[in-house]
Amino acid sequence: MTTIDLSGRTAIVTGASRGIGLAAAQAIAAAGGNVVLTSRSQDSADAAAAQVDGNALGVAAHAVDEDAARRCIDLTLEKFGSVDILVNNAGTNPAYGPVIGQDHARFSKTFDVNLWAPILWTSLATGAWMGEHGGSVINTASIGGLGFEANLGLYNASKAALIHLTKQMALELSPKIRVNSVAPGVVRTRLAAALWQEHENLLNEQTPLNRIGEPEDIASAIVFLASDAASWMTGETMVIDGGQRLGDATMFRGGSADA
């Protein structure tokens, strides 16, 4: 198997001030890559970059701000000379409840950040560097985009669309640019806190691998997809969920092979 070595490559990670984005930036740097971390404010971007052991730069850039995105890519090229990896990680979920109970403002914010931003950043990175030199794009989707659950319909619809878009862009940008996505299960992040914070022990029991995810679990998959180890993968969505999509593990435990 190809050793995961990102030396000499540069990654931009959107929404990298905490959680999966920060863990991904740290993992890319640990593999030898340069990393640019974005956040809505310069202070939070700088604070995130300070938590990375390696070559890291924090840049203030709201995910849907085109001027800020262009500036971020320009700064990346100026400092590191390339944009080889793009991790479209920024996400939001202001819409909780039934789909028909949401207003247009919540719909727009959800789809702008979760769907339009990956299109915007991929387009800009392609035009500035990847279109000529090649690269790897990784989108942060969700297992919610592969199924249905109460009160998260709008968010899950945006992630289902992102999974579809991953395949579409993989075709459109081939053969130079690979486009894949990760679909995390319930991970210990602030965005997902409502899904685990009040009942983590129960969720652990129900999960086949007996724990919720940590940001580092997803970061490891992102590094793999960014690397040459995944050089023949594009248009794929990698599920990392501890087996949560399989169902409630407590219903299968307690027996033995000899019973």
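Between the Asn34 side chain and the Asn55 main chain, no donor and acceptor come within less than 3.5 Å of each other. Lys176 contributes a side-chain N or O that, together with a main-chain N or O of Glu132, makes up a donor-acceptor pair within less than 3.5 Å. Using a distance-only test at 3.5 Å, with no hydrogens or angles considered, a donor-acceptor pair links the side chain of Arg178 to the main chain of Leu225. A donor-acceptor distance shorter than 3.5 angstrom exists from the side chain of Asp241 to the backbone of Arg245, with no hydrogens or angles considered. Under the 3.5 Å distance criterion, the side-chain polar atoms of Arg253 are matched with a main-chain donor or acceptor of Pro208.
Separating the OG1 atom in Thr122 from the CE atom in Met169 is a distance of 4.0 Å, to the nearest 0.5 Å. Rounding to the nearest 0.5 Å gives a distance of 11.5 Å between CG of Leu246 and CG of Asp248. Going from atom CG of Leu120 over to atom CG of Leu124 covers 4.5 Å, rounded to the nearest 0.5 Å. The CD1 atom of Ile12 lies 10.0 Å from the CZ atom of Phe80; values are rounded to the nearest 0.5 Å. Of the inter-residue distances, the one linking Tyr155 atom OH with Thr92 atom OG1 reads 9.0 Å to the nearest 0.5 angstrom. Atoms CG and NZ, from Leu152 and Lys159 in turn, are 12.0 Å apart once rounded to the nearest 0.5 Å.
When all heavy atoms of Asn114 and Ser158 are compared, the pair lying nearest together is ND2-OG, 3.1 Å. The heavy-atom pair separating Val64 from Ala117 by the smallest distance is CG1-CB, 4.2 Å. Considering all non-hydrogen atoms of both residues, Ile4 and Ser227 come closest at CG1-OG, 3.8 Å. Counting all heavy atoms, side chain and backbone alike, Ala31 lies closest to Asp5 at O-OD1, 3.4 Å. Across all their heavy atoms, Ala24 and Ile222 have their closest contact at CB-CD1, 3.9 Å. Minimum interatomic distance between Ser82 and Gly8 (heavy atoms only, all atoms of both residues): OG-O, 4.4 Å.
Hydrophobic clustering of Ile, Leu, Val, Met, Phe, Trp and Tyr side chains at less than 4.5 Å, counting indirect connections, keeps Ile138 apart from Leu162. A single hydrophobic cluster is seen to contain both Leu165 and Met130, as judged by linkage of ILVMFWY side chains at heavy-atom distances under 4.5 Å, directly or through other members. One hydrophobic cluster, built from ILVMFWY side chains closer than 4.5 Å, holds both Val87 and Val182. Hydrophobic cluster membership is shared by Val223 and Ile218, with clusters built from Ile, Leu, Val, Met, Phe, Trp and Tyr side chains linked at under 4.5 angstrom. Both Trp121 and Val36 are part of a single hydrophobic cluster, where members link through side-chain heavy atoms under 4.5 Å apart.
Side-chain contact between Val35 and Leu37: present, with at least one pair of heavy atoms (C-beta onward) separated by less than 4.5 Å. Annotation: side chain of Met233 is in contact with side chain of Met238 (closest heavy-atom distance under 4.5 Å). Counting heavy atoms from C-beta on, the side chains of Thr234 and Ser174 never come closer than 4.5 Å. Looking at heavy atoms from C-beta onward, Tyr96 lies out of side-chain contact with Leu154 at the 4.5 angstrom threshold. In this structure, Val13 and Thr38 have side chains that are not in contact, with every pair of non-hydrogen atoms separated by 4.5 Å or more. Within the 4.5 Å cutoff, no side-chain heavy atoms of His62 are placed close to those of Asp67. Thr10 is not listed as a side-chain neighbour of Val83, based on a closest heavy-atom distance of 4.5 Å or more.
In the hydrophobic clustering (ILVMFWY side chains linked at under 4.5 Å, chained through shared members), Ile100 stands by itself. Counting side-chain heavy-atom gaps under 4.5 Å among Ile, Leu, Val, Met, Phe, Trp and Tyr, the cluster of Leu146 also holds Ile143, Ile163, Val239.
Side-chain contact check for Asn139 and Asn88: at least one donor-acceptor pair (N or O, by modelled atom type) lies under 3.5 Å. Side-chain contact check for Asp43 and Ser41: no donor-acceptor pair (N or O, by modelled atom type) lies under 3.5 Å. Side chains of Thr207 and Gln244: a donor on one and an acceptor on the other come within 3.5 Å. With 3.5 Å as the limit, one finds no donor-acceptor pair spanning the side chains of Ser44 and Ser17. A donor-acceptor pair shorter than 3.5 Å can be found between the side chains of Asp46 and Gln42. Checked by atom type, the side-chain pair Asn210/Glu205 shows no donor-acceptor distance below 3.5 Å. Between the side chains of Ser181 and Thr237, a donor-acceptor pair is found at a separation under 3.5 Å.
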* Audit row: Ile212, Glu200, side-chain contact (heavy atoms from CB on, under 4.5 Å) steps and yes/no -> CA-CA 8 Å; Ile212 66 170; Glu200 183 178 346; 4.0 Å; yes

* Verdict with supporting geometry, Val137 and Thr126, side-chain contact (heavy atoms from CB on, under 4.5 Å) -> CA-CA 10 Å; Val137 176; Thr126 298; 5.9 Å; no

* Asked: Can you check side-chain contact (heavy atoms from CB on, under 4.5 Å) on Gln51 and Gln26, steps first, answer last?
  -> CA-CA 8 Å; Gln51 297 177 66; Gln26 291 170 328; 3.9 Å; yes

* **Test log, rule salt bridge (charged side-chain N to carboxylate O under 4.0 Å, His left out), inputs Asp103 and Arg106** => CA-CA 6 Å; Asp103 57 27; Arg106 290 189 182 94; 3.1 Å; yes

* To do: Any chance you could lay out the side-chain contact (heavy atoms from CB on, under 4.5 Å) test for Glu149 and Asn156, step after step, and finish with the verdict?
  => CA-CA 8 Å; Glu149 53 193 321; Asn156 288 348; 3.1 Å; yes

* Criterion salt bridge (charged side-chain N to carboxylate O under 4.0 Å, His left out) on Arg211 and Asp217, from CA distance to verdict -> CA-CA 11 Å; Arg211 66 175 176 85; Asp217 293 316; 2.8 Å; yes

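No more than 12 heavy atoms of other residues, nucleotides or ligands shown are found within 6.0 angstrom of CG on Asp53. Summarising the local packing, NE2 of His164 is surrounded by 12 or fewer heavy atoms from other residues, nucleotides or ligands at distances under 6.0 Å.
Remark: Ser220 engages no residue in a side chain to side chain contact (heavy atoms under 4.5 Å, CB included) (not counting sequence neighbours).
In summary, Asp65 and Arg71 do not engage in a salt bridge, as defined by a charged side-chain N under 4.0 Å from a carboxylate O.
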